[in-house]
Number of protein chains: 2
Amino acid sequence: MARQRAEADEAPPKKSELTRQSILDAAARMFRMHGYSGTRLSDIADEIGMKAGSLYYHFPSREALVEAVMDLGLQRTHAAVLDRLSMLPADAGHLTRLQVAIETHLLSVLEQEDYTSASIKLIWQVPAGIRERQIADQRAYGALWRKLLEDARKGGAIRADVDLSVARMAIVGALNWAADWYKPGKLTPKRIARDICAMVLNGLVAEDEAAAAKRRPATTKRAKK
Amino acid sequence: MARQRAEADEAPPKKSELTRQSILDAAARMFRMHGYSGTRLSDIADEIGMKAGSLYYHFPSREALVEAVMDLGLQRTHAAVLDRLSMLPADAGHLTRLQVAIETHLLSVLEQEDYTSASIKLIWQVPAGIRERQIADQRAYGALWRKLLEDARKGGAIRADVDLSVARMAIVGALNWAADWYKPGKLTPKRIARDICAMVLNGLVAEDEAAAAKRRPATTKRAKK
DNA sequence: CTTTTTTTCTAATATATATTAGAATACGGT
DNA sequence: ACCGTATTCTAATATATATTAGAAAAAAAG
């Protein structure tokens, strides 16, 4: 919702909007798979039966194109999370909200086409100017997570001894990383989301083990039996 | 330990080994900061007061150089984790081993120079050939983690209802992501490692909250009070 | 069936930078 | 100081590909 070159508001409900979309789709797919430097304009154009030069009718430059893709990726994820959170009953607990955010973000990374995945992977590949603007935009989304965690802590739902920014980055990192390794197959995105939620909220330690562990010095635990 | 072009064993204890090292160091730093396509050979050369062409005396190509950096990054991390694990007392528990692995990997990402960080970030930026070899090498390191987790599960130390490959990827993802956001400052690497361990092993949920939560249907928890 | 506008193509241009060949320099040993 | 080897530099070369200008074609309007 931040960076859109003049073009989207004027008035004329052009039909070339369709082409623009297909260019973006192809670009997102290509950039995601082959990276920024690994994707030529001609790759994108070929993908939709066009010539490279023609892309310039729709986008002023290769950089503008990749920035548009990244913007969309971030905005879609942000919007999806906001949306699902807003659908929760007003009395939903902090942990539920956290769970929903985790699940939605992950599904966005794994399903929501290539935009999200591209926006994550490209951050360090694009020219500095784009990266800076992108990181600035990420802050707004980060703030949403910060608030989720802060609220949960204030509500006493999450432990007091873990730094919240570490928690936030670790969670988002675990989720974003999935863009790298996920291959449709055995594990469904839902299942993955469930497991990550379980880990993040309740930890990996087995139930019976947990109680005992918390009573021992932090670095000298032994597995029983 | 996998891919080293002939050169390291012959015999002549050349002194240019020093230059080679400084080239690698500069390359790791540059590649890490500006990405693969964002780093020119002349950038690397400048960094150590050389001319771009001279690099070819030490490396056959830009690609060979970046591959060497990535190899080192992976190997160092792998070696560091193996090393610290081997130092543990023979009777160390599964959870302790997991903790040590997490801490060591993270410290490697945050401190151990730029190699580790570069090897993580560059994966999707380098030419496909390099990426494939690199991913193959990662498997060996991944196997170490898989074993850690499988052993822990067999030993009953970790819960049975979370898929181990999801857990593994989530953990490594959370750790690797730190390469993106960490800035030396308030939080020390040790502290970050501690917090992530706490999350991964025991979860974010507050202690008193935890017991109650486990007794309620999974998606309908409410924070108390 | 024109005319106008939008969209795409063709064919240069322009630039950047990896790579190479050969000259120049530094260096170690004698 | 001299020789040979190791190392670095200089100055082309070569290629790739983003970008642009203007021609063509398609679509819309009339």
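Atom set for the values below is all heavy atoms of this structure, side chains included, hydrogens, waters and symmetry mates excluded. Throughout, a chain's letter reflects where its sequence line sits, starting with A, and its residues are numbered from 1.
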Is it possible for you to check whether A:R62 lies under 6.0 Å from the centre of the six-membered ring of A:Y36, through NZ or CZ, and within 45° of that ring's axis?
-> yes
Just the rounded figure in Å: distance from [atom2] of [N] to [atom1] of [X].
X	N	atom1	atom2	answer
A:L55	C:dT7	CG	C1'	12 Å
B:R20	D:dA6	CZ	P	16 Å
A:M50	C:dT6	CE	P	16 Å
A:K51	D:dA25	NZ	P	14 Å

Anything under 3.5 Å between a protein N or O and an N or O of nucleotides 17-24 of chain C, put it in a table, one pair a line.
| from | atom 1 | to | atom 2 | distance (Å) |
| --- | --- | --- | --- | --- |
| C:dT17 | OP1 | B:R40 | NH1 | 3.3 |
| C:dT17 | OP2 | B:R40 | NH1 | 3.1 |
| C:dA18 | OP2 | B:L41 | N | 2.7 |
| C:dT19 | OP2 | B:Y56 | OH | 2.5 |
| C:dT19 | OP2 | B:R62 | N | 2.8 |
| C:dT19 | O5' | B:Y56 | OH | 2.9 |

Which word best sums up how the rings of A:H105 and A:Y141 line up, parallel for under 30°, tilted for 30 to 60°, or perpendicular for over 60°?
-> parallel
Name the one of B:E63, B:M70, B:Q134 that satisfies side chain to side chain contact (heavy atoms under 4.5 Å, CB included) with B:V126?
-> B:M70
Could you tell me whether the side chain of B:T39 and the main chain of B:G35 form a donor-acceptor pair under 3.5 Å?
-> yes
With no hydrogens and no angle check, is any side-chain donor or acceptor of A:T104 less than 3.5 Å from a backbone partner on A:V100?
-> yes
[N] OP1/OP2 closer than 4.0 Å to side-chain N/O of [X]:
X	N	answer
B:Y57	D:dT7	yes
A:H58	C:dT6	no
B:S16	D:dA6	no
B:S54	D:dC9	yes

NZ/NE/NH1/NH2 to OD/OE distance under 4.0 Å, B:R191 and B:D195 | yes
If you measure from the Lys or Arg side-chain nitrogens to the Asp or Glu carboxylate oxygens, is any gap between A:R194 and A:E103 under 4.0 Å?
-> no
For the pair B:I171 and B:W145, evaluate side-chain contact (heavy atoms from CB on, under 4.5 Å) and give the outcome as yes or no after the intermediate values.
-> CA-CA 10 Å; B:I171 293 173; B:W145 281 87; 3.9 Å; yes
Walk me through it: do B:W124 and A:D180 pass the test side-chain contact (heavy atoms from CB on, under 4.5 Å)?
-> CA-CA 9 Å; B:W124 291 100; A:D180 266 24; 3.1 Å; yes
Paired stems touching DNA chain C, three or more consecutive Watson-Crick or G-U pairs with both distances under 3.5 Å?
-> C:1-30 with D:1-30
